[in-house]
Amino acid sequence: MNAPSILILYTGGTIGMVENHETHALEAFDWEHLCDSVPELDQFHFRIDAVTLGKPIDSSEMTPEDWILMARTIEENYDHYDGFVLLHGTDTMAYTASFLSFILEGLSKPVIITGSQLPIGQLRTDGKENLLTSIEIAAARHPDGTAMVPEVCIFFENELMRGNRTTKINSEGFSAFRSYNFAPLAVAGIHIDYNTREILYPERRNDIACYNILRRCNGGMRKEGLNVHYNYDNHIAILTLFPGISEEVVRSVARADGLRALVLQTFGSGNAPRKQWLIDILGELKAKGVIVVNTSQCEFGTVEMGRYGTSLQLLQEGVINGYDATLECVVTKLMFLLGNGCSTEEVRQLMSVSIAGEINVR
Ligand code: ASP
């Protein structure tokens, strides 16, 4: 087997930050500085190249345009590398990972996203470990040369997680991410232990029908290998319920100009108060073709509409089951589906199937 080759895409985040001497705030800095802090990179006896995507930024400032640039860079370099490592701030990393997992159809190479809680130039940094192990995972192959993990993943603090299953849970500790409803795809200890039973190898995917629906909608043609879907629509709102939430507030969100989808963060297994005004608002949204997806405020477990009387009315008003998806996953999946010209019915249908291993449909 030839030696692997890896492309690092640097976007910013704490991993490459330095302190601004005037404000004392951390700010994203350049790749050269980051690279100088990791002389260990020379110990990999294979090709590692790096590219900086625009100006390095704090990931709180990311937009879908930045995700598109990442996908474009992967597509342009796809045939020249065996794997990709994306260095990214932790704040919105789970959104980036989820979005990329949907738009990179036919991915057969690893895209490992990582970052750190402490800048790589600091003594106790977690950045080196995260970066070096991510490179190792991106380069890992089976004896037949195929990628060990041909998925978009987040690697953080010894765990490799499916990207669209991951949420940032900690702004202080090194263990910053969690995949609540799906087992890690690998655990790094003395050895890197891959969970090959769960990794989504190309032959295990059943996403072709979904992508064919998109192509029918947007007139695209399927080519061999990687197909990237660059369209998106961000006319989405998130509404978190709480006891006593007012009709006026819900109504103003529901009436937002151009709204195409509303993510409703409900209680427990997908429950909401049985207020007539809420039922009316949901009915109006349905009549306007606005999609409403039910996700739970509970991180563990799944939405099960109809289990309690307090979710029956949601079912009756055509609210879609978000199952065990993360919020980041639901938002980015909607952006992706709505951007590709599907009808409301098609979006509803595709929200209820797993495209990239993001939900477990009961
Ligand atoms: N604010 C930083 C960012 O998301 C936090 C981090 O990287 O850990 O870019």
Side-chain angles (χ1 to χ4, degrees), residues 8-38 41 50-71 73-74 84-101 111-135 137-138 152-161 163-180 188 234 238 299 326-329 331-332 335:
I8 297 175
L9 285 74
Y10 174 53
T11 70
T14 297
I15 192 162
M17 286 187 182
V18 291
E19 194 179 302
N20 178 318
H21 294 305
E22 276 168 33
T23 64
H24 299 293
L26 287 173
E27 285 174 4
F29 206 56
D30 67 15
W31 166 255
E32 297 309 325
H33 149 84
L34 191 151
C35 193
D36 287 348
S37 304
V38 201
L41 283 171
V51 54
T52 302
L53 302 190
K55 184 175 171 292
I57 55 173
D58 184 302
S59 75
S60 313
E61 305 198 270
M62 286 271 168
T63 68
E65 287 309 310
D66 296 301
W67 302 338
I68 297 296
L69 178 60
M70 295 169 202
T73 309
I74 290 171
F84 300 86
V85 173
L86 183 61
L87 296 181
H88 194 293
T90 57
D91 289 349
T92 63
M93 189 184 281
Y95 287 92
T96 300
S98 297
F99 188 74
L100 291 179
S101 78
V111 175
I112 312 299
I113 310 180
T114 195
S116 68
Q117 295 284 66
L118 275 178
I120 212 151
Q122 290 193 13
L123 209 52
R124 287 193 308 109
T125 185
D126 50 331
K128 275 192 190 185
E129 190 61 46
N130 288 345
L131 170 60
L132 299 173
T133 310
S134 294
I135 293 174
I137 291 172
V152 178
C153 297
I154 288 182
F155 179 78
F156 224 89
E157 183 70 355
N158 300 329
E159 279 200 3
L160 183 74
M161 293 157 272
N164 57 34
R165 291 285 195 162
T166 311
T167 297
K168 182 173 179 182
I169 56 153
N170 202 327
S171 59
E172 161 78 24
F174 287 150
S175 197
F177 287 88
R178 184 134 189 201
S179 166
Y180 285 99
N234 59 358
I238 301 170
E299 308 283 9
T326 62
L327 179 66
E328 296 88 332
C329 164
V331 169
T332 54
M335 281 182 162

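Just follow the structure's listing: the first ligand is 1, and inside any ligand the first atom is 1. For the numbers below, each heavy atom of this structure counts, side chains included, while hydrogens, waters and symmetry mates do not. This chain uses plain numbering: 1 for the first residue, then up along the sequence.
The closest side-chain donor-acceptor pair between S60 and D91 falls under 3.5 angstrom.
Looking at residues two or more places apart in sequence or on another chain, you find a side-chain contact (heavy atoms from CB on, under 4.5 Å) between E27 and N20, T23. By the side-chain contact (heavy atoms from CB on, under 4.5 Å) test, T52 is found to be paired with Y10, W31, P56, residues two or more places apart in sequence or in another chain being considered. The side-chain contact (heavy atoms from CB on, under 4.5 Å) search around T326 returns T167, E328, C329, not counting sequence neighbours.
Heavy-atom neighbours of E157 CD from other residues, nucleotides or ligands within 6.0 Å: above the threshold of 12.
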Between ligand 1 and the protein, tabulate every N or O atom pair separated by less than 3.5 Å, reporting distance only.
residue: ligand 1; atom: 1 (N); partner: D58; partner atom: OD1; Å: 3.0
residue: ligand 1; atom: 1 (N); partner: D58; partner atom: OD2; Å: 2.8
residue: ligand 1; atom: 1 (N); partner: D91; partner atom: OD2; Å: 2.8
residue: ligand 1; atom: 4 (O); partner: S59; partner atom: OG; Å: 2.6
residue: ligand 1; atom: 4 (O); partner: T90; partner atom: N; Å: 3.3
residue: ligand 1; atom: 4 (O); partner: D91; partner atom: N; Å: 2.9
residue: ligand 1; atom: 4 (O); partner: D91; partner atom: OD2; Å: 3.4
residue: ligand 1; atom: 7 (O); partner: T14; partner atom: N; Å: 2.9
residue: ligand 1; atom: 7 (O); partner: T14; partner atom: OG1; Å: 2.9
residue: ligand 1; atom: 7 (O); partner: T90; partner atom: N; Å: 3.0
residue: ligand 1; atom: 8 (O); partner: T14; partner atom: OG1; Å: 3.0
residue: ligand 1; atom: 8 (O); partner: T90; partner atom: OG1; Å: 2.5
residue: ligand 1; atom: 8 (O); partner: S116; partner atom: O; Å: 3.2
residue: ligand 1; atom: 9 (O); partner: D58; partner atom: OD1; Å: 3.3
residue: ligand 1; atom: 9 (O); partner: S59; partner atom: N; Å: 2.7

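Atom CZ of residue F84 and atom CG of residue L100 lie 11.5 Å apart, to the nearest 0.5 angstrom.
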